[in-house]
Amino acid sequence: MTQTSEDVTWLTQEAYTKLKEELAYLSGPAREEVTAKIAAAREEGDLRENGGYHAAKEEQGKQELRIRQLTQLLEKAKVGEAPASADGAVAPGMVVTIAFDGDKDDTMTFLLASREYASADVETYSPQSPLGSGVIGHKVGEDAEYELPNGRKASVTILKAEAYSG
């Protein structure tokens, strides 16, 4: 199966390294710590009324979920700058400026990328979000439609789309 641009997560080297370190910690020392907490709580006796045991099991579940999320993310990750779209269309890794309902005064600029690539400089929207999936593939000057949480459709005009430079 070949990866499409929507399947790839572009990460800075710094973000990639940070996520790899988090995965290594969660898969090693943190896993051992939670296993020890569960074992210690189990020693206390009756598990039905053992708050420490249940808290440790919940922590373990959350930790294992994060391990799976990081593993999947890092499998699809590419380090570096997302390439500019060859046809000028909006793609993950781009900073996009839109106007709501064609109103040039009601605009928003955001980075179209995964949360792990988020920047303090600009708001980040996932390519899988309603807005993100609505603008992908559209070119500057085109209108795009996406579905709001209430089920209604919203229209935006793509004003600008450029590769994110970090």
### Task
Can you sort out the partners of Ser133 under side chain to side chain contact (heavy atoms under 4.5 Å, CB included), two or more places apart, ordered by chain and number?
none
### Message
Restricting to non-hydrogen atoms, name the atom on Gln128 and the atom on Ser126 that form the minimum distance, rounded to 0.1 Å.
### Response
OE1-OG, 2.7 Å
### Query
Got a sec, which residues hit side chain to side chain contact (heavy atoms under 4.5 Å, CB included) with Leu65, two or more places apart in sequence or on another chain?
Arg68, Gln69
### Message
Test of understanding: clusters of I, L, V, M, F, W, Y form through side-chain heavy atoms closer than 4.5 Å, transitively. Do Met108 and Ile158 belong to the same one?
### Response
yes
### Query
Any idea which heavy atoms bring Leu26 and Gln63 closest together, and the distance?
O-NE2, 3.3 Å
### Query
Among all residues two or more places apart in sequence or in another chain, which pass the side-chain hydrogen bond (donor to acceptor under 3.5 Å, both in side chains) test with Tyr125?
Glu123
### Query
Gly132 and Leu112: which non-hydrogen atoms are nearest, and at how many Å?
CA-CD1, 3.5 Å
## Note on the structure
So salt bridge (Lys or Arg N to Asp or Glu O under 4.0 Å) across residues 15-24, not counting sequence neighbours, yields Glu22-Arg66
### Query
Got a sec, which residues hit side-chain hydrogen bond (donor to acceptor under 3.5 Å, both in side chains) with Thr97, two or more places apart in sequence or on another chain?
Thr109
### Task
Begin from the C-alpha positions of Phe110 and Thr124 and carry the test side chain to side chain contact (heavy atoms under 4.5 Å, CB included) through to its verdict.
CA-CA 5 Å; Phe110 61 93; Thr124 303; over 6 Å; no
### Task
Sequence neighbours left out, what passes side chain to side chain contact (heavy atoms under 4.5 Å, CB included) with Tyr146? Give chain and number order.
Phe100, Pro130, Leu131, Leu148, Ala154, Val156
### Message
Going by the rule side chain to side chain contact (heavy atoms under 4.5 Å, CB included), which residues pair with Lys62 if we only count those two or more places apart in sequence or in a different chain?
### Response
Glu58
#### Entry: Distance-minimising heavy-atom pair for Leu159 and Ala99
CD1-CB, 3.8 Å
### Partner set under side-chain hydrogen bond (donor to acceptor under 3.5 Å, both in side chains) for Thr17, not counting sequence neighbours
Gln13
### Message
Quick one about Asp143 and Thr157 (side-chain donor to acceptor, distance below 3.5 Å, no hydrogens or angles considered), yes or no?
### Response
yes
Donor-acceptor list for residues 35-43 side chains, cut-off 3.5 Å, not counting sequence neighbours:
from: Thr35; atom 1: OG1; to: Arg31; atom 2: O; distance (Å): 2.8
from: Lys37; atom 1: NZ; to: Glu59; atom 2: OE1; distance (Å): 3.1
from: Lys37; atom 1: NZ; to: Glu59; atom 2: OE2; distance (Å): 3.4

### Message
Please give me the minimum heavy-atom distance between Gly137 and Ala89, naming the atom from each residue.
### Response
O-CB, 3.4 Å
### Task
For Gly134 and Ala144, work out which heavy atoms get closest and say how close.
O-CB, 3.3 Å
#### Entry: Partners meeting salt bridge (Lys or Arg N to Asp or Glu O under 4.0 Å) with Glu142 (sequence neighbours left out)
none
